[in-house]
Amino acid sequence: MIDDRDLETCTPDEFVDLALAATPLLPADLRRGVIEYRRYAPEGDVILVRGLLPDSAEFPETAKAPYAPPPPGQAQRASLLLASVTTMLGEPFNYASLYHGRVVQNMVPVRKMEFTQTSQSSTGMLDWHCEDSFRDDRCDYAGLLCLRGDPTAASKYSQARDVDLAPAHIAVLRQPRYHVRPDPAHVLAGEVSMRRLPILSGSASSPEIAYDTHHLEPLDEADTEAAEALRELGAALDEAAISHVMARGDLLIFDNKRVVHARTPFTARYDGTDRWLMRTMICGSALTFRRWGTRIPD
């Protein structure tokens, strides 16, 4: 359908339009499962699709940066495949401040970033976080497609619905007694104020969560009750954790409003064979997307 065209010549909107045109060509069972997940989340707030990439696909060397454009061929086709699946959940997008605003980004290790709390880390643990909790318009879903796995790197996630906490701690976490600083992966102009927020919100049966191990803290340093509830939440997330080692062709989609995720350490080689995931973020709200007026909002 896309022949041998260079997808890098497409604008972000043209790329997503092409992905949307490819969606009907996906297997019916896959389309049915993703739509059922969006509507009902019957098995939970995370869905794992396996075997999405053909065995015959030959990928180039692992990208060297999150914003590195994939060369024409199988890597570009993989990015289009990721977008074609996730368009069933809403509109793929990215912020202008994050990884050059690319709609599909590379989650790859980068030299001198080994211990950062970003997707470019490797040697250090990438701790519990939601994507972009510092923004009130953070993505509704995120999708991760594995082009090249690493057997020592486990993707971890915890669903807010699975967290076991005392009612008193839940009550505190539902109050706006916290603030969160911007994600360091974003390149932001000037000083950005910390966002005030509750950590838990929504219904008791399907709670929402905004969380970041390193960038979220009580508004008041003297608020020991808020700090204790936050510590208990961190321990509860560890208890509820599910791990999965991403293999080639795995697609992991999670609800960014109801799931926190992490990644265990691994050793990067920087020889072209390192772990390589592609990610896209999804705005599931047509109202929010139209309010932005662009696929790459500031």
Side-chain angles (χ1 to χ4, degrees), residues 1-28 30-31 34-35 37-38 47 49 52-54 56-108 119 131-132 135 137-148 185-187 249 251-254 256 276-298:
M1 176 180 160
I2 64 171
D3 303 317
D4 293 321
R5 77 185 72 179
D6 183 357
L7 297 181
E8 287 299 307
T9 64
C10 297
T11 67
D13 284 333
E14 289 171 343
F15 174 79
V16 174
D17 286 347
L18 194 59
L20 188 62
T23 299
L25 305 177
L26 297 171
L30 171 60
R31 287 185 280 118
V34 174
I35 292 172
Y37 163 72
R38 174 178 61 82
I47 183 173
V49 179
L52 199 58
L53 297 174
S56 60
E58 295 184 4
F59 295 110
E61 291 188 352
T62 296
K64 291 181 171 56
Y67 46 80
Q74 296 293 355
Q76 285 193 1
R77 289 172 182 264
S79 70
L80 189 70
L81 176 61
L82 171 60
S84 71
V85 175
T86 53
T87 54
M88 289 186 280
L89 301 170
E91 296 289 346
F93 78 100
N94 192 13
Y95 305 108
S97 59
L98 182 63
Y99 300 148
H100 297 189
R102 295 190 63 85
V103 172
V104 175
Q105 312 105 44
N106 306 300
M107 306 291 100
V108 294
S119 62
E131 298 296 344
D132 305 318
R135 297 190 62 129
D137 61 353
R138 61 191 170 123
C139 68
D140 297 298
Y141 302 96
L144 296 168
L145 175 62
C146 181
L147 277 64
R148 184 170 288 131
H186 286 257
V187 178
L251 170 59
L252 188 70
I253 300 173
F254 57 88
N256 191 50
W276 185 6
L277 308 186
M278 285 183 169
R279 179 186 71 178
T280 192
M281 301 187 296
I282 305 299
C283 176
S285 166
L287 291 176
T288 299
F289 186 72
R290 290 173 183 169
R291 190 179 300 126
W292 288 334
T294 176
R295 193 170 298 280
I296 315 295
D298 293 328

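Contact record, Tyr67 with Arg102: O-CD, 3.0 Å, taken as the closest heavy-atom pair. Scanning both residues, Pro66 and Val108, for their nearest heavy atoms gives N-CG2, 4.2 Å. The minimum heavy-atom distance between Ile253 and Leu89, with the atom names listed, is CG2-CD1, 3.6 Å. The minimum heavy-atom distance linking Ala96 with Asp298 is given by the pair CB-OD1, 3.8 Å. Closest non-hydrogen pair, Glu8 versus Pro70, comes out as OE2-CD, 3.6 Å. The minimum heavy-atom distance linking Thr23 with Ser84 is given by the pair OG1-O, 2.7 Å.
No side-chain heavy atom of Phe15 sits under 4.5 Å from any side-chain heavy atom of Pro92. Looking only at side-chain heavy atoms (C-beta outward), Met107 and Tyr99 come within less than 4.5 Å of each other.
If you take CG on Leu82 and CG on Leu147, they are separated by 9.0 Å, rounding to the nearest 0.5 Å. Considering CZ of Arg135 and OG of Ser97, their distance stands at 6.0 Å, rounded to 0.5 Å. The structure places CZ of Phe289 at 12.5 Å from CG of Asp137, a figure rounded to the nearest 0.5 Å. In this structure, Leu18 CG and Leu80 CG are separated by 5.0 Å, a value rounded to the nearest 0.5 Å. Rounding to the nearest 0.5 Å places CG of Leu145 at 10.5 Å from CG of Leu252. Note that CD1 of Ile282 and CD of Glu91 are 8.0 Å apart. Values are rounded to the nearest 0.5 Å.
Not a single donor-acceptor pair under 3.5 Å links the side chain of Asp140 to the backbone N or O of Cys283. Judged purely by atom type and a 3.5 angstrom limit, Thr280 uses its side chain to pair as donor or acceptor with the backbone of Val103. Put simply, the side chain of Arg295 never gets that close to the backbone of Asn94: no donor and acceptor are under 3.5 Å apart. The main-chain N or O of Phe59 is never found under 3.5 Å from a side-chain atom of Gln74 such that the two would form a donor-acceptor pair. At least one donor-acceptor pair under 3.5 Å links the side chain of Thr11 to the backbone N or O of Glu14. Checking side-chain atoms of Arg38 against main-chain N and O of Met88 turns up a donor-acceptor pair under 3.5 Å.
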- Yes or no on side-chain contact (heavy atoms from CB on, under 4.5 Å) for Leu53 and Leu81, after CA distance, side-chain angles and deciding distance? CA-CA 9 Å; Leu53 297 174; Leu81 176 61; 3.8 Å; yes
- Check the pair Glu61 / Trp276 against side-chain contact (heavy atoms from CB on, under 4.5 Å), numbers first and verdict last. CA-CA 9 Å; Glu61 291 188 352; Trp276 185 6; over 6 Å; no
- Message: Leu26 vs Val85, test: side-chain contact (heavy atoms from CB on, under 4.5 Å). Steps then yes/no.
- Response: CA-CA 8 Å; Leu26 297 171; Val85 175; 3.8 Å; yes
- Item | side-chain contact (heavy atoms from CB on, under 4.5 Å) between Cys139 and Phe93, worked out | CA-CA 8 Å; Cys139 68; Phe93 78 100; 3.7 Å; yes
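The aromatic rings of His186 and Tyr95 are tilted relative to each other, their planes meeting at an angle between 30° and 60°.
Applying side chain to side chain contact (heavy atoms under 4.5 Å, CB included) to Asn106 and the options Arg279, Lys64, Met278 leaves one that passes, Met278.
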